[in-house]
J.: 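Just passing along the structure, written as C-alpha cells.
All values below come from the heavy atoms of this structure, side chains included, with hydrogens, waters and symmetry mates left out. This one's a predicted model, so the numbers in the text were calculated from it and none came from an experiment. Sequence lines set the chain letters: A, B, ... in the order given, protein chains first and strands last, and positions in each chain run from 1.
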There are 2 protein chains.
Amino acid sequence: MSGQEKPGRKPTSFDVARRAGVSRAAVSRTFTPNASVSPETREKVVKAAKELGYRVNYLARGLINRRSDFVGVVAAGMDNPFRAMQIEQITKKLVRRNFRPILLPADHGESADHVMDQLLHYNVSGVLVTSDAPPTALCAEFAAAGVPIVLINKADAIPAVDRVVCDTDTAGRLAATTLLEAGARHLAVVSASAISYTARRRQQAFLACCHALEADVRVIPVAVNDYANGLAAAERLDGVDGVFCVNDYMACGLIDGLRRRGVAVPHSVRVIGHDDVPQAAWGSYELTTMRQPCDLQADQAIDLLTSRMAEPEMAERVELTPVTLVRRATA
Amino acid sequence: MSGQEKPGRKPTSFDVARRAGVSRAAVSRTFTPNASVSPETREKVVKAAKELGYRVNYLARGLINRRSDFVGVVAAGMDNPFRAMQIEQITKKLVRRNFRPILLPADHGESADHVMDQLLHYNVSGVLVTSDAPPTALCAEFAAAGVPIVLINKADAIPAVDRVVCDTDTAGRLAATTLLEAGARHLAVVSASAISYTARRRQQAFLACCHALEADVRVIPVAVNDYANGLAAAERLDGVDGVFCVNDYMACGLIDGLRRRGVAVPHSVRVIGHDDVPQAAWGSYELTTMRQPCDLQADQAIDLLTSRMAEPEMAERVELTPVTLVRRATA
DNA sequence: TCCTTTCTTGCACACGTGTACAATTTCATG
DNA sequence: CATGAAATTGTACACGTGTGCAAGAAAGGA
C-alpha cells in the first residue's frame with residue numbers, strides 16, 4: 001500500500017516507526033517489557049504494527065541481549081513412555097514460561113556430544129538433560145560458559161550444575177516392604193544398573209532394605225531397562241516370588257514374559273514397578289508401582305534453571321522429587 | 001592468556017582473527033560452507049578457534065541470512081505412543097540434517113494459535129504440524145510469509161501448504177477384508193471422526209469396503225481416540241464380532257474393556273488397530289494392526305520441507321505414506 | 001514566573017556475523 | 001618473461017534490534 005518498505009521482506013521496526021510517525025526506539029520500547037513509553041505513542045505503534053503484520057525479530061533481540069529464549073532439552077529413550085511424559089511436561093511448562101524448547105534426541109552416546117555442542121551456538125538460556133549418558137565434560141563446559149544446566153535423574157556431581165533426582169531411597173524401601181507385605185519371601189530386583197543412575201540407586205536402596213529385614217534377595221542384571229529385556233528376564237526368575245523392576249516399561253515386559261510361561265501374577269509372583277506410566281494403569285497390567293510425578297519434576301527443574309539464570313554463581317543444588325506408592329493388582 | 005578480548009565474554013570472530021593473524025572475513029569464510037579460503041589460512045583459523053573455544057553465533061548468522069536453522073514442530077496428544085514415535089523420528093531426522101527442532105506442544109486449540117504465532121519471530125526454516133487441529137488461517141499466514149509448512153495426516157488443503165497423509169483407503173479396506181477373512185460377520189468401526197482427519201478417512205474407507213462387500217457394519221462414535229474411550233467403547237459392542245479401531249492406542253483400551261467383560265479376543269470378537277505402536281506387539285495384546293511407517297513418513301515430510309525451501313513457488317503437493325498389514329493374534 | 005523533578009523521546013552505538021566488491025597474489029600458459 | 005585467468009584476501013556495508021545518554025516536555029511547588 002504505502003510502497004515505502006522493500007517488497008518481499010518482512011516489516012521491521014523501521015517500517016512500523018515510519019508508519020506510526022515515531023522513532024524506531026519508540027517501537028522497540030513498545031515491545032520491550034518495563035520500558036518507558038507514553039500511552040499515546042504505544043497505541044500508535046501497536047496500531048501500525050498490527051496493520052503491517054510486524055513481529056519483533058527475536059534473533060536480533062537475542063543477539064543484542066546476548067541471550068536467547070531457547071532452552072535445550074536433551075533426551076534419549078523416547079520409546080519408554082515415561083520419557084514421553086517427561087518431554088511433554090517439560091516442553092509444555094517451558095512454553096508456558098515463554099521459553100522455546102529445542103528438543104535434541106541423543107540416543108547414541110557419541111552423538112550426544114555433537115548434538116549438545118550445537119547448543120553453544122545459540123546462546124541458549126539453559127539446558128535440561130534427561131539423557132542417560134550426559135557427557136560430563138560437556139556439562140562442565142556449559143557451566144563454565146555461564147549456561148545454566150540441570151540434570152534430571154542423573155549421577156554426576158559437577159560444580160555449578162544443578163540436579164533433580166527422584167527419591168530413590170524411598171522407592172527402593174517401599175518396593176521391598178510392599179512386596180514382603182504382599183506375602184513374597186524370595187525377592188529379586190531387575191535392573192540395568194550399569195548404565196542408569198536411578199536404576200542403580202533404586203537397586204541399592206532395595207537391597208539395603210531387604211538386608212535390613214533379613215529377606216532373601218537377588219539381582220537379575222539386564223542390559224537395558226526396556227520391555228524386551230523385561231520379557232527375557234522372566235526366564236530367569238526360578239524360585240522368586242516377588243520382583244522389583246526399576247521401571248514400569250520393563251515391568252510390562254516382565255509380566256508378559258511370566259504369563260507366557262504360565263506363571264500367575266500376582267498369585268505366584270508379585271511384581272512392582274516404578275514411574276507409573278499410563279500403561280501401568282491399563283487393564284492388562286494393573287501394575288503396582290511408584291509414582292514419579294513428572295509434572296512436579298518438570299517444575300522443579302525449570303525452577304532451578306530460572307533461579308540460576310538470576311544468580312549464576314550459586315553453589316550447585318540437588319532437588320528431591322517425592323515418590324508415592326500406587327497400589328494396584330500386582331502386589 | 002592474551003588478555004586482548006574482553007573478559008567474561010564468549011570469543012567472537014574478531015578474537016579468532018586477531019589470534020590467527022588474518023582478517024575477520026577469513027574466519028567467517030572458514031566456517032561457511034562453499035566459501036573460498038586457502039588451506040593455510042583455514043588451518044590457522046581452525047587452530048586459533050580451537051584454542052579460544054570459539055563457536056559461530058548462529059543467531060547472528062540467522063539474522064544476516066534472514067533464515068535460521070530452526071524448524072517448528074507442532075505436536076499434540078503425546079500420550080498416544082504413536083505421537084511419541086513420530087516426534088522421536090522427526091526430531092532425529094531434523095537434527096541429522098542440521099536443523100534444530102523447536103518442539104511446541106499444542107493441546108488446547110486456543111493455545112495452538114498463540115504458540116505457532118511465536119514461530120514467526122524466529123525466521124524458522126519451516127514448520128511441521130502433527131497436531132489434530134492446525135489453525136488453517138495461521139498456516140496460510142506462514143505460507144504467505146514464505147515459511148515452508150508441511151501438515152502430517154491433516155485435512156485442510158491450503159495453497160502452498162504441502163501434506164503427508166497415510167494411505168487411509170488401503171487401511172480401511174485392509175481392515176475390513178482382514179476382519180471378514182478372520183470370520184467376523186458383524187463389523188464395527190470405533191472412531192472419533194469429528195476431530196481427527198485420518199480417523200474420519202479410515203472410517204469412510206472401512207465403511208465403503210464393507211458396503212461393497214455387503215457386510216453388516218456400524219459406527220461406534222467416541223469423543224477422542226484414546227485408551228479411555230476404547231475401554232468405554234467395549235460396553236457398546238453387543239452383537240459385534242469384528243472391530244476396527246482407528247488407532248492402536250484406543251484398540252488397547254478396547255481389548256482391555258472386552259476382557260474385563262469376559263469377552264474372548266479374538267474368539268468372540270476380532271480386533272484390528274492402526275499404527276503399529278510398540279504396545280501392539282506386547283504379549284498382552286498381540287494386536288493385528290496396520291503399520292504406519294513413521295520413520296518413512298518423517299523423511300517424506302522433511303523432504304517436502306527442504307524441496308519447498310529450494311522452490312517456494314511450487315504448487316502444493318500431497319505425499320502418500322504406504323500402510324502394511326501386520327498380522328498378529330487378534331484377527 | 002521560575003526552579004526542580006519526573007517522563008518521554010530521538011540519536012547513535014553496539015551485538016556478531018555473511019558477502020559484494022575491489023585489490024592483491026598465485027599460477028599456468030604462451 | 002609477459003600475460004591473462006583464477007584464487008585468495010581485506011574493506012566496508014548490511015542484517016534488525018536494545019539501550020545509554022542528553023535533550024526536551026510536562027508537571028508540580030514556591
Side-chain angles (χ1 to χ4, degrees), chain A residues 4-45 48-49 52-70 120-124 145-146, chain B residues 4-45 48-49 52-70 120-124 145-146:
Chain A
Q4 295 272 20
E5 58 275 356
K6 313 188 182 177
R9 293 198 184 186
K10 295 171 68 173
T12 74
S13 51
F14 278 101
D15 304 319
V16 178
R18 191 180 326 119
R19 183 170 192 114
V22 299
S23 78
R24 197 189 57 77
V27 178
S28 176
R29 285 193 249 263
T30 298
F31 295 106
T32 304
N34 309 325
S36 163
V37 210
S38 72
E40 307 90 55
T41 307
R42 156 165 272 125
E43 193 185 358
K44 280 190 290 185
V45 169
L52 287 160
Y54 168 75
R55 330 250 168 172
V56 178
N57 185 330
Y58 286 171
L59 269 52
R61 173 181 283 182
L63 183 57
I64 200 154
N65 286 341
R66 283 208 193 71
R67 173 143 297 183
S68 69
D69 294 337
F70 295 110
L120 287 171
H121 295 256
Y122 293 97
N123 282 18
V124 293
Chain B
Q4 295 273 17
E5 59 273 358
K6 311 188 183 178
R9 292 197 183 187
K10 296 172 67 173
T12 74
S13 50
F14 278 103
D15 304 319
V16 177
R18 192 181 324 118
R19 183 170 192 113
V22 299
S23 77
R24 197 190 57 76
V27 178
S28 175
R29 285 193 253 260
T30 298
F31 295 106
T32 304
N34 310 325
S36 164
V37 209
S38 73
E40 305 90 57
T41 306
R42 156 165 272 127
E43 194 186 356
K44 283 191 290 186
V45 169
L52 289 162
Y54 168 75
R55 327 250 171 174
V56 178
N57 186 328
Y58 287 172
L59 269 56
R61 174 181 282 183
L63 182 57
I64 200 156
N65 287 341
R66 284 208 192 71
R67 170 145 298 183
S68 69
D69 294 337
F70 295 109
L120 288 170
H121 294 256
Y122 293 98
N123 282 16
V124 293

J.: Taking the minimum atom-to-atom distance to the side chain of A60(A), which one of dT17(C), dT19(D), dT17(D) wins?
T.: dT17(D)
J.: When you measure from the side chain of T30(B) to the backbone N and O of V45(B), does any donor-acceptor pair fall under 3.5 Å?
T.: no
J.: Does K44(B) reach the main-chain N or O of A17(B) with its side chain, forming a donor-acceptor pair under 3.5 Å?
T.: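 Not at all, since once roles are kept as given, no pair shorter than 3.5 Å links the two residues.
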J.: Consider the side chain of R66(B), meaning its heavy atoms from C-beta on, and name the nucleotide among dT17(C), dT19(D), dC15(D) that approaches it most closely.
T.: dC15(D)
J.: Remember a base hit wins even if backbone is also touched, and classify R55(B) as base, sugar-phosphate or nothing at under 4.0 Å, heavy atoms.
T.: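 Answer is sugar-phosphate: R55(B) comes under 4.0 Å of backbone atoms only.
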J.: With heavy-atom distances below 4.5 Å as the criterion, would you say the side chains of T41(A) and R29(A) are in contact?
T.: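 Not touching, per the 4.5 Å side-chain cut-off.
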J.: Rounded to whole Å, how long is the line connecting atom CG of D69(B) with atom C1' of dG18(C)?
T.: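 Spelled out: CG on D69(B) to C1' on dG18(C) is 14 Å.
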J.: Using whole Å, report how far OH of Y122(A) lies from C1' of dT17(C).
T.: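 So the two atoms are 14 Å apart, to the nearest Å.
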J.: Return the nearest nucleotide to the side chain of I64(A); candidates are dT9(D), dA14(D), dG18(D).
T.: dG18(D)
J.: Could you give the CG-to-C1' distance, from N123(B) to dG16(D), as a whole number of Å?
T.: 10 Å
J.: Where is the tightest heavy-atom contact between V27(A) and Y54(A), given as atom of each residue plus distance?
T.: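 Between these two residues, the closest heavy atoms are CG1-CE2, 4.4 Å.
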J.: Nearest 0.5 Å, what's the CZ-CZ distance between R18(B) and R24(B)?
T.: 12.5 Å
J.: Can you measure L59(A) atom CG to dG18(D) atom C1' for me and round it to whole angstrom units?
T.: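 Distance check: L59(A) CG to dG18(D) C1' gives 15 Å.
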J.: Quick one: label S36(B) by what it contacts on the DNA or RNA (base, sugar-phosphate, nothing), any heavy atom closer than 4.0 Å.
T.: base
J.: Return the residues of residues 20-33 of chain A meeting this criterion: a heavy atom under 4.0 Å from some atom of DNA chain D. Order them by number, or give none.
T.: R24(A), A25(A), S28(A), R29(A), T32(A)
J.: If you look only at distance, which donor and acceptor atoms sit under 3.5 Å apart when one is on a side chain in residues 55-64 of chain A and the other is two or more places apart or in another chain?
T.:
| residue | atom | partner | partner atom | Å |
| --- | --- | --- | --- | --- |
| R55(A) | NH1 | D117(B) | OD1 | 2.5 |
| R55(A) | NH1 | D117(B) | OD2 | 2.7 |
| R55(A) | NH2 | E141(B) | OE2 | 2.3 |
| N57(A) | OD1 | L59(A) | N | 2.8 |
| N57(A) | OD1 | A60(A) | N | 3.3 |
| R61(A) | NH2 | F31(A) | O | 2.9 |

J.: Backbone N or O of Y122(B) within a donor-acceptor pair of the S68(B) side chain at under 3.5 Å?
T.: yes
J.: CZ of R18(A) versus P of dG16(D): gap in Å, rounded?
T.: 13 Å
J.: Would you work out how much the helix from dT1(C)-dA30(D) to dG30(C)-dC1(D) bends between its ends, with each end axis defined by five base pairs, to 10 degrees?
T.: 30°
J.: If you look at every heavy atom in A48(A) and A20(A), which pair is closest and at what distance?
T.: CB-CB, 3.9 Å
J.: Could you give the distance from CG (L52(B)) to CZ (R19(B)), rounded to the nearest 0.5 Å?
T.: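 Here the interatomic distance stands at 4.5 Å.
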J.: So does R61(A) get a side-chain nitrogen or oxygen closer than 4.0 Å to the phosphate oxygens (OP1/OP2) of dC15(C)?
T.: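 Checking R61(A) against dC15(C): no side-chain N or O falls below 4.0 Å of OP1 or OP2.
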J.: Measure the spacing between CG of N123(B) and CG of D69(B) and express it to the nearest 0.5 Å.
T.: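 Here the interatomic distance stands at 11.5 Å.
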J.: Taking OP1 and OP2 of dT17(C), is either one under 4.0 Å from a side-chain nitrogen or oxygen of Y54(B)?
T.: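 True: Y54(B) side-chain N/O within range (under 4.0 Å) of dT17(C) OP1/OP2.
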J.: Take the protein atom CD of E40(A) and the nucleotide atom P of dT8(C), then report the distance between them rounded to whole Å.
T.: 9 Å
J.: Please determine if a side-chain N or O atom of S13(A) lies less than 4.0 Å away from the OP1 or OP2 oxygen of dG16(D).
T.: no
J.: How long is the line joining NE2 of H121(A) and C1' of dG16(C), in whole Å?
T.: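 Atom-to-atom, H121(A) to dG16(C), this comes out as 14 Å.
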J.: Measure CZ/R42(B) against C1'/dT9(D) and give the value in whole Å, please.
T.: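 Rounded to the whole Å, the gap is 14 Å.
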J.: Between dT9(D), dT17(C), dC7(C), which one does the side chain of F14(B) approach most closely?
T.: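 For F14(B), the side-chain atoms sit closest to dT17(C).
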